[in-house]
Amino acid sequence: MIQLVMAEGKKLILVTNDDGVHSPGLKALLESMEEVGEAVAVAPDRERSAVSHALTLHRPLRVERLKENVYSVNGTPTDCVAIGAQKLLPRKPDLIVSGINRGANLGDDVTYSGTVSAAIEGTIMGISSLAFSLMLDFPSGGSGPRHYETAGKYAGLLASFVLKNGLPYDTLLNVNVPNSPQKDVKGVRFTRQSKRIYDGSIQETMSPWGELCYWIGGGTPIWERGPDTDMDTVMGGYVSVTPIHLDFTNSAAIEWLENRWNGAG
Ligand SMILES: [Mg+2]
């Protein structure tokens with residue numbers, strides 16, 4: 001367990017990500033959270049993007065202390081939250097933040113995202129949790145400047161807001177920030193999740209031994225958008241804040257199913 005000398009009343013914040021402990025987004029988020037409270041980073045030792053909510057069950061996990069308040073784990077973002085919150089920190093954290101991801105997590109991306117899944121794990125543990133992502137050009141992120149400092153600024157504002165107000169039950173915030181200087185961001189908007197389907201995202205390739213292989217990635221995203229969605233909002237220059245609920249139940253579908261099952265519909 002980490003020995004922390006904490007100032008009276010200071011909030012304890014666990015910082016993690018899925019791009020790995022050495023990524024610039026984690027550094028920016030940690031620096032931002034150090035302004036808000038006592039921040040400790042517990043993050044994967046390498047990139048674990050798109051691992052979703054995977055939990056490592058079949059091998060032991062090792063923790064390495066890299067700096068006074070930075071730890072790496074040879075596991076997934078979910079492993080980091082579980083070990084960080086329950087074993088490394090001196091007490092349950094007041095807040096869990098994940099990111100700042102290199103690239104947006106919009107629409108159905110949230111189901112693949114390790115960044116968002118870390119916040120899901122925190123929410124399951126009953127801890128207020130937020131996921132932060134920086135909108136970059138699809139798919140590689142392009143070669144221009146990456147404004148992690150802008151996302152860090154809004155991460156600080158939203159973390160303070162959540163520490164003061166809490167969050168609705170079983171709900172995390174999925175935050176996507178435009179890749180712009182702070183002066184160009186128009187503000188914060190609360191949004192709904194859009195829908196994205198990738199077309200042609202499985203490429204065929206050959207191994208050096210002549211085997212046909214498949215490489216998942218790329219493709220053309222097809223969007224179901226709308227002015228109140230995460231996608232349109234961040235494309236319009238605003239910070240998109242989507243409240244994500246962990247109860248996946250489609251309540252209206254229960255009646256739909258019952259009616260048809262019972263022959264009434
Ligand atoms: Mg990532």
Side-chain angles (χ1 to χ4, degrees), residues 13-33 39 41-56 61 66 70-84 96-123 129-152 154-155 158-159 172-180 193-194 196 198 201 215-219 221 230-231 234-235 239-242 244:
I13 304 169
L14 175 60
V15 182
T16 192
N17 76 346
D18 76 353
D19 294 334
V21 72
H22 301 292
S23 70
L26 184 85
K27 185 168 180 283
L29 189 57
L30 181 61
E31 285 172 2
S32 167
M33 291 304 122
V42 182
D45 62 348
R46 68 199 77 172
E47 164 139 16
R48 303 305 299 263
S49 292
V51 299
S52 188
H53 199 195
L55 189 63
T56 303
L61 294 163
L66 304 181
V70 179
Y71 294 77
S72 80
V73 177
N74 60 343
T76 66
T78 299
D79 296 334
C80 292
V81 170
I83 292 171
I96 294 177
V97 294
S98 178
I100 301 161
N101 192 57
R102 188 184 63 243
N105 276 303
L106 299 162
D108 299 289
D109 289 346
V110 301
T111 63
Y112 303 104
S113 169
T115 307
V116 176
S117 293
I120 288 175
E121 184 67 8
T123 307
S129 300
L130 303 94
F132 297 96
S133 303
L134 186 65
M135 175 84 179
L136 298 173
D137 296 337
F138 183 84
S140 64
S143 57
R146 296 176 177 185
H147 293 283
Y148 286 109
E149 79 289 350
T150 301
Y154 280 94
L158 286 160
L172 64 97
L173 298 185
N174 181 35
V175 182
N176 283 276
V177 180
N179 185 33
S180 320
Q193 191 182 326
S194 57
R196 168 149 95 173
Y198 285 98
S201 65
W215 196 336
I216 299 174
D230 51 7
M231 177 65 174
V234 77
M235 291 292 285
V239 174
S240 164
V241 181
T242 308
I244 305 271

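Just so you know, these numbers use all the heavy atoms, side chains as well, and skip hydrogens, waters and symmetry mates. We count ligands from 1, going down the list as the structure has it; atoms in each ligand are counted the same way.
- For the Mg ion (ligand 1), protein N, O or S atoms closer than 2.8 Å were enumerated as Asp18 OD1, Asp19 OD1, Ser49 OG, Asn101 OD1, with waters left out.
- Each of Asn179, Leu26, Leu29, Ile100 was checked for a side-chain contact (heavy atoms from CB on, under 4.5 Å) with Tyr148, and the lone residue meeting it is Ile100.
- In terms of the side chain to side chain contact (heavy atoms under 4.5 Å, CB included) criterion, residue partners of Ala131 (sequence neighbours excluded) are, by chain and number, Thr115, Val116, Ala119, Asn174.
- At a cut-off of 3.5 Å, with distance as the only test, no side-chain donor of Ser113 or Asn101 sits close to an acceptor on the other residue.
- Counting only distance, with no hydrogens or angles, the side chain of Ser117 and the backbone of Ser52 share a donor-acceptor pair below 3.5 Å.
- Looking only at distances, a side-chain donor or acceptor of Thr150 sits under 3.5 Å from a matching main-chain atom of Ser180.
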Exercise. Step by step, work out the side chain to side chain contact (heavy atoms under 4.5 Å, CB included) result for Ile83 and Val42.
Key: CA-CA 8 Å; Ile83 292 171; Val42 182; 5.5 Å; no
